[in-house]
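By convention in this document, chain letters (A, B, ...) are assigned in the order of the sequence lines, proteins followed by strands, and residues within each chain are numbered from 1. Remember, it's a predicted structure, so these values are computed and weren't measured experimentally.
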Protein chains: 2
Amino acid sequence: MANEKKIDCVILGLLSHEELTGYEIKKRMDTTLKYFWSASYGSIYPALSDLVNRGLATKREDKENKRNKLIYTITDGGRNYLKKWLTLPVEKDELRYETLLKLFFGNEQDIEQVLSHIKLFEEKIKKELPYLLGAEKVLKDCLDDDIAHKYYLLTVTFGLKTYRTYLEWCEEAKKFLMENGE
Amino acid sequence: MANEKKIDCVILGLLSHEELTGYEIKKRMDTTLKYFWSASYGSIYPALSDLVNRGLATKREDKENKRNKLIYTITDGGRNYLKKWLTLPVEKDELRYETLLKLFFGNEQDIEQVLSHIKLFEEKIKKELPYLLGAEKVLKDCLDDDIAHKYYLLTVTFGLKTYRTYLEWCEEAKKFLMENGE
DNA sequence: TGACTTATATATCAGACTGATATATAATGA
DNA sequence: TCATTATATATCAGTCTGATATATAAGTCA
C-alpha cells in the first residue's frame, strides 16, 4: 500500500473513462494530460501487461480492425485500486523547467543568449495557448454531456492561467535583463 | 554532443558559483533550486565521482574540518562543458503535478475528496510563499553584490507569480466545484 | 556528565521511467 | 505506383529517485 506506481494509476484512470489501446493511451498523454503529466511507450506497454497479470485490467484483440490492436478494459479490481489511490494524499507536485535552470546559470552566458532562452520559452507557450483556449470553449459548451468534463475543464483553466502568467513573467524578465544587463 | 546528462550540468552550474561538497549541493537543490529543479543523493554522489574521472571537476579533502568532507571544484574543462550546454536550446520544460492528475480523475471520487486535494495543494503553496517573499526582498536589496543575483531573482519572481496564480486558481476551482457538484 | 536528538556527510541499490530504436501494417496523397 | 505519414506494439540501455545504511559532530535537556 502507498507504493502505487504512478504509471499504473494514470492508465487505470484513463481506462476508467473508456477502454483503450496502448497507442491511444499514449495519445491521451500527449494531448489531454500533456499539461500536467507525461509517459512514454517504454512505461505504458509493460504496465499494461502487468495490470492484466494482476487482474486490474483485461486484454482482448480487436477483430473488426485489420491491425492487431489490443484493447484494454478496467476490471472491478482495477477500479477499486484506482479509487484507493485517489483517497491517498498527493505525494509530489513537481516542476522541472530546464529554461529556469539555464537562466539561473545566466552569469556563464552573455545577455543575448539568456534572452534567447526566454524568447524560445515564450514562443513555446504562445503556441500552446490556442489549443487550450479551444479546449476551454468546447468543454464549457458541453459541460453537462459527461461528468468527467468539469474536471477536465479545471485542468485546462489551470493551464490557461499559468501560461498567461508565464507570458507576463517573460515580458518582465526581458525588460529587467535589458535594463540590468552588464 | 547534445547528450549532456542533466545532473552533470546542474552540478557544474552550482560549482561555477563556488566549490561545494555533495551534501552542500543537495542543500542547494532543496532550497534555491527547489522551485524548478531537484536531484537526489543517488544521482549527485555518483555524478561527482564521474565528473572527477572525466576531468571536469577536482576533489580534495577538507583537513580543517573534523569530518571527512570532500570538496569539489570546477576545472576549466568543466566550465567549457557547462558553457557549451548553456548554448544548446532547452530540451524539455516539464510540469508533473499529481494534484492535477487526481483532479482529472475526479469522477471516481466524491466532491469532498476532490476538494480536499485542492485544499492541501493550496496550503502547500501558501506555506512556501513567505520563503519566496523573503528571498525576493534580500535579492532586491543586494542585487549588485553578485552578478548571479539577478538571475536568481528572476527565478524567484517566476515562482512568486506562478504561486499567486495557483492560489487564484484554487479559489476559482473550489467555487466552481461547489456550484457544479453532483 | 550522560542520554538523546538532530544535522552533517558519504555511499549504494532496487526499481521506475525516459528516449531511442526496431518492426510492421494501413492510409493518404501526389 | 511510390513515398510519406499515421497506426500499433515491443524492448532496452541508461538516467534518476527514494530508501536505506553508516558514521560522526553538534545541540539540548536534565
Side-chain angles (χ1 to χ4, degrees), chain A residues 1-11 19-31 33-34 37-54 57 59-72 85 88 90-96 98 101, chain B residues 1-11 19-31 33-34 37-54 57 59-72 85 88 90-96 98 101:
Chain A
M1 195 178 299
N3 266 43
E4 283 78 11
K5 258 165 66 188
K6 302 293 177 233
I7 186 67
D8 294 342
C9 302
V10 201
I11 292 178
E19 45 179 38
L20 294 163
T21 67
Y23 187 78
E24 286 166 337
I25 287 169
K26 176 62 172 158
K27 268 207 289 190
R28 296 283 182 290
M29 297 283 181
D30 295 344
T31 53
L33 305 192
K34 186 182 177 188
W37 206 264
S38 64
S40 63
Y41 286 124
S43 63
I44 293 168
Y45 283 111
L48 280 168
S49 300
D50 197 43
L51 288 173
V52 172
N53 288 336
R54 289 150 68 203
K59 173 169 94 169
R60 73 164 202 279
E61 280 181 67
D62 182 15
K63 274 139 194 169
E64 260 111 283
N65 202 291
K66 284 173 191 170
R67 297 174 199 270
N68 60 334
K69 265 195 185 184
L70 301 173
I71 303 173
Y72 292 87
W85 173 69
L88 301 174
V90 165
E91 288 181 332
K92 200 176 173 190
D93 288 317
E94 192 188 18
L95 195 138
R96 212 175 168 85
E98 210 183 301
L101 195 58
Chain B
M1 194 177 299
N3 266 42
E4 282 77 12
K5 258 166 65 189
K6 303 292 176 234
I7 186 66
D8 294 341
C9 301
V10 201
I11 292 178
E19 46 178 38
L20 294 163
T21 67
Y23 186 78
E24 287 166 336
I25 288 169
K26 176 63 171 158
K27 268 208 289 189
R28 297 284 182 288
M29 297 283 180
D30 295 344
T31 53
L33 304 193
K34 186 182 176 187
W37 205 263
S38 64
S40 64
Y41 285 125
S43 64
I44 294 169
Y45 284 111
L48 281 169
S49 300
D50 197 42
L51 287 173
V52 172
N53 288 337
R54 289 149 69 203
K59 173 169 93 168
R60 72 165 203 278
E61 280 182 66
D62 181 14
K63 274 138 195 170
E64 259 111 285
N65 202 292
K66 283 173 191 170
R67 296 172 199 272
N68 60 335
K69 265 193 183 185
L70 301 173
I71 303 173
Y72 292 87
W85 173 69
L88 301 174
V90 164
E91 288 180 331
K92 201 176 171 190
D93 288 318
E94 191 188 18
L95 194 139
R96 211 174 169 85
E98 210 183 301
L101 194 59

Next on the checklist: At 4.0 Å (heavy atoms only), tell me whether A/Lys26 reaches a base, stays on the sugar-phosphate, or touches nothing.
Outcome noted: nothing
Next on the checklist: Quick check for you: among C/dT10, C/dC17, D/dC16, whose closest atom lies nearest to any side-chain atom of A/Lys6?
Outcome noted: C/dC17
Checklist entry - Quick one: B/Glu4 CD to C/dT18 P, roughly how many Å, whole number? => result 21 Å
Checklist entry - Between B/Glu94 and B/Asn68, which has a closest nucleotide on DNA chain C that is more 5'? => result B/Asn68
Item to check | Value in whole Å for how far the P atom of C/dA11 lies from NZ of B/Lys69 | outcome: 14 Å
Next on the checklist: Is any side-chain heavy atom of B/Asp62 closer than 4.5 Å to one of B/Thr21?
Outcome noted: no
Checklist entry - Where the side chain of B/Lys92 is concerned, which of D/dT7, C/dG19, C/dC17 is the nearest nucleotide? => result C/dG19
Checklist entry - Is the backbone of A/Leu33 close enough, under 3.5 Å, to the side chain of A/Arg28 for a donor and an acceptor to pair up by distance? => result no
Checklist entry - So what does A/Gly22 hit on the nucleic acid, given a heavy-atom distance under 4.0 Å: a base, only sugar-phosphate, or nothing? => result sugar-phosphate
Item to check | Nucleotide nearest B/Lys5 (side chain, heavy atoms from C-beta), chosen from D/dT15, C/dA11, C/dA16 | outcome: D/dT15
Checklist entry - Below 4.0 angstrom from OP1 or OP2 of C/dT18, is there any side-chain N or O of A/Ser40? => result yes
Next on the checklist: For the residue pair B/Lys26 and B/Tyr41, would you count it as a cation-pi contact if the rule is NZ or CZ under 6.0 angstrom from the ring centre and within 45 degrees of the ring axis?
Outcome noted: yes
Checklist outcome for this item: Rounded to whole Å, CG of B/Leu51 lies from P of D/dT15 at a distance of 13 Å
Checklist entry - Which pair of non-hydrogen atoms, one from B/Ala47 and one from B/Ile11, has the smallest distance, and what is that distance? => result CB-CD1, 3.8 Å
Checklist entry - With sugar-phosphate meaning primed atoms plus P, OP1 and OP2, does A/Lys59 contact a base, only sugar-phosphate, or nothing at under 4.0 Å between heavy atoms? => result nothing
Checklist entry - Between A/Tyr41 (OH) and D/dA13 (P), how many Å, whole number? => result 21 Å
Next on the checklist: Between C1' on D/dG14 and CG on B/Asp8, what's the gap in Å once rounded to a whole number?
Outcome noted: 13 Å
Checklist entry - What's the CG-C1' distance between A/Leu20 and D/dA8, to the nearest Å? => result 14 Å
Checklist outcome for this item: Rounded to whole Å, CE of B/Met29 lies from C1' of D/dC16 at a distance of 12 Å
Checklist entry - So, is B/Ser43 near the phosphate of D/dT17, with a side-chain N or O under 4.0 Å from OP1 or OP2? => result yes
Next on the checklist: Measuring from the side chain of A/Tyr45 (C-beta onward, heavy atoms only), which nucleotide among D/dT9, C/dT10, C/dT18 has the closest atom?
Outcome noted: D/dT9
Item to check | Residue pair B/Arg96 / A/Arg96, side-chain heavy-atom distance below 4.5 Å | outcome: no
Next on the checklist: The side chain of A/Tyr23 is closest to which nucleotide in this list: D/dA6, D/dT15, D/dT17?
Outcome noted: D/dA6
Next on the checklist: Reading DNA chain C from 5' onward, which residue's closest nucleotide shows up sooner: B/Arg96 or B/Thr21?
Outcome noted: B/Thr21
Checklist entry - Taking only N and O in the side chain of A/Lys27, is any of them less than 4.0 Å away from OP1 or OP2 of D/dT7? => result yes
Next on the checklist: How many whole angstroms separate atom CG of B/Leu48 from atom P of D/dC16?
Outcome noted: 13 Å
Item to check | Heavy-atom side-chain proximity of B/Trp85 to A/Leu101 below 4.5 angstrom | outcome: yes
